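These notes concern the structure reproduced below.
The shown structure was predicted, so the numbers you read here are calculated from the model rather than taken from an experiment. Numbering of ligands and ligand atoms starts at 1, following listing order. Each residue takes its place number in the sequence, starting with 1.
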Amino acid sequence: MTIPDAPLRIAVIGNGFMGRMHTHAWRTAPRFFPLGREIVPVVLVGRRADGAAAARDLDWPEYATDWREVVGRADIDVVDICTPGDTHAEIALAALAAGKHVLCEKPLANSVAEADRMVDAAATAPGVALCGFSYRRTPALAAARAHIADGALGEIRHVRAQYLQDWLSDPDAPHTWRLDRDRAGSGTLGDIGAHSIDTAQWLIGDDIAAVSAVLRTFVPTRPPMVTQAGIGGVAGAGERLPVTVDDAVAVTARFAGGALGVIEATRLATGRRNANRIEVNGSLGSVAFDFERMNELEYYRADDPAGAQGFRRIQMTEPEHPYAGAWWPPGHGLGYEHLFTHQVVDFVRAIGGDVDAAAPSFAEAARVQRVLAAVTESAANGAVMTPVHRRDDEGRAS
Ligand code: SOE
């Protein structure tokens with residue numbers, strides 16, 4: 001275990017979009033939040049031998065190409081996993097066995113079996129293990145959750161979540177690892193539907209108990225990619241490659257406590273770039289959020305005076321709002337990268353013993369994995385209502 005308050009020495013595994021984002025977060029968090037300890041980025045790991053120059057641009061003192069040579073090193077305290085899902089379990093298990101703290105990108109794994117192994121390893125390892133469901137660190141959603149937990153919305157009846165992107169709406173957009181079941185586990189379902197499922201369960205503090213779902217792949221083959229850029233890239237001329245995952249998913253869900261959920265996720269919603277939306281309706285009020293307007297929360301209270309009722313649009317940039325006080329004056333909004341900085345802040349606080357910051361645990365992320373599995377099962381069986389198979393030893397508190 002690391003000594004309390006000693007510097008935390010960081011290895012980030014993966015140098016794609018998420019590796020760059022987490023790099024930014026590790027650099028920024030200690031500059032804006034009092035963490036009480038120094039953060040020391042040590043090594044960035046990528047698969048390509050020619051990644052060293054990009055690593056230097058990101059200010060990493062060292063670049064390596066084999067995570068196996070890094071995760072057990074004595075000069076590393078934190079292993080931050082930003083690779084495709086097929087490697088999450090193997091890297092996390094090795095890092096936990098070596099006594100490291102582990103932050104792992106979502107979805108936790110590519111299967112429930114892998115997720116369970118990670119949960120079991122985390123339960124006995126000395127290090128802190130968290131999963132990167134980053135949207136939990138949006139000020140608006142963190143505030144919405146607090147309102148719901150306080151009972152301000154009364155009995156929760158509806159959760160309506162949509163995660164809409166359009167970067168694959170062009171049938172000639174190139175193939176990526178995100179379209180390969182062996183690497184990504186599933187498609188839109190695990191990549192962005194998982195966010196909606198996690199946010200829904202976390203917001204209302206209840207688990208999805210059963211689902212009925214359909215999955216659809218609209219574009220079954222895509223041209224190969226010649227140059228990667230962000231999550232997409234430039235298509236090449238070669239033979240088209242099979243898409244082995246879903247493009248879109250629609251889910252009807254029943255929560256254990258009785259609320260109804262409707263969840264939709266797609267990467268083919270033309271014009272919707274990153275519309276991660278959620279609305280919760282309770283007996284006393286509602287909240288609504290759209291990530292494309294991430295600095296705003298819509299809030300309706302049924303006890304507002306007659307004639308003055310309606311959704312109020314709250315700018316989530318006041319010092320009273322979660323995380324916001326560390327940043328800019330009111331009205332000067334935050335962006336996507338701030339979620340990851342907040343995630344690092346909470347992860348470091350969790351390492352320091354702050355139990356409130358220590359979420360989502362691997363056990364909580366595995367509950368999302370179980371919903372993903374139930375969705376896949378339901379869709380394979382003609383959308384039949386399918387229970388989410390929980391582990392016998394599973395409690396909601398973990
Ligand atoms: C691509 O769909 C992606 O980058 C996801 O992988 C992220 O989790 C999401 O936050 C934005 O979109």
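Residue Arg267 does not touch ligand 1, judged by heavy-atom distances below 4.0 Å. Counting heavy atoms under 4.0 Å from ligand 1, residue Tyr163 touches it through the side chain alone. Under 4.0 Å from ligand 1, the heavy atoms of Ile192 that appear belong solely to its side chain. Residue Gln165 touches ligand 1 through its side chain alone, judged by heavy-atom distances below 4.0 Å.
Every atom of ligand 1 is numbered from 1 in the order shown, and the set under 4.0 Å from a heavy atom of Tyr336 is 7 (C), 9 (C), 10 (O), 11 (C). Near Trp167, meaning under 4.0 Å from any of its heavy atoms, are these atoms of ligand 1: 2 (O). Ligand 1 places these atoms under 4.0 Å from at least one heavy atom of Tyr135: 9 (C), 10 (O), 11 (C). Taking every heavy atom of Ile231 and a limit of under 4.0 angstrom, the matching atoms of ligand 1 come to 1 (C), 4 (O). Atom numbering of ligand 1 starts at 1 in the shown order; those under 4.0 Å from a heavy atom of His195 are 7 (C), 8 (O), 9 (C), 10 (O). Remark: ligand 1 atoms within the under-4.0 Å shell around heavy atoms of Arg178 are 1 (C), 4 (O), 6 (O).
With respect to atom 4 (O) of ligand 1, the closest heavy atom belonging to the protein is Phe17 CE2, 3.2 Å.
The six-membered or imidazole ring of Phe33 lies near that of Trp327, with a centre-to-centre distance under 6.0 Å. A ring-centre distance under 6.0 Å is found for Tyr299 and His147.
Heavy atoms from other residues, nucleotides or ligands lying under 6.0 Å from CZ of Arg68 number more than 12. In this structure, Arg293 places its CZ atom where only 12 or fewer heavy-atom neighbours from other residues, nucleotides or ligands lie under 6.0 Å away. In the displayed structure, Arg313 atom CZ is contacted under 6.0 Å by at most 12 heavy atoms of other residues, nucleotides or ligands. Under a cut-off of 6.0 angstrom, the local environment of CZ in Arg277 is crowded, with over 12 non-hydrogen atoms contributed by other residues, nucleotides or ligands.
The shortest separation from a heavy atom of Lys106 to ligand 1 is under 4.0 Å, placing the residue in contact. Using a 4.0 Å heavy-atom cutoff, Met18 is absent from the residues neighbouring ligand 1.
Where the criterion is an N or O separation shorter than 3.5 Å, residue side chain and backbone included, Asn274 fails it with respect to ligand 1. In terms of polar-atom proximity, defined here as any N/O pair under 3.5 Å, Asp191 does make such a contact with ligand 1. For the pair Ser134 and ligand 1, the shortest N or O to N or O distance does not fall below 3.5 Å.
Of the residues listed (Phe291, Trp202, Phe289), the one engaging Tyr135 in a ring-ring contact (aromatic ring centres under 6.0 Å, His included) is Phe291, and it is the only one.
Atom CE of Met118 sits about 9.0 Å away from atom CD1 of Ile91, to the nearest 0.5 Å.
Judged by distance alone, the side chain of Thr217 and the main-chain N or O of Val219 form no donor-acceptor pair under 3.5 Å.
Note: His342 and Tyr323 have parallel aromatic rings, judged against thresholds of 30 and 60 degrees for the angle between ring planes.
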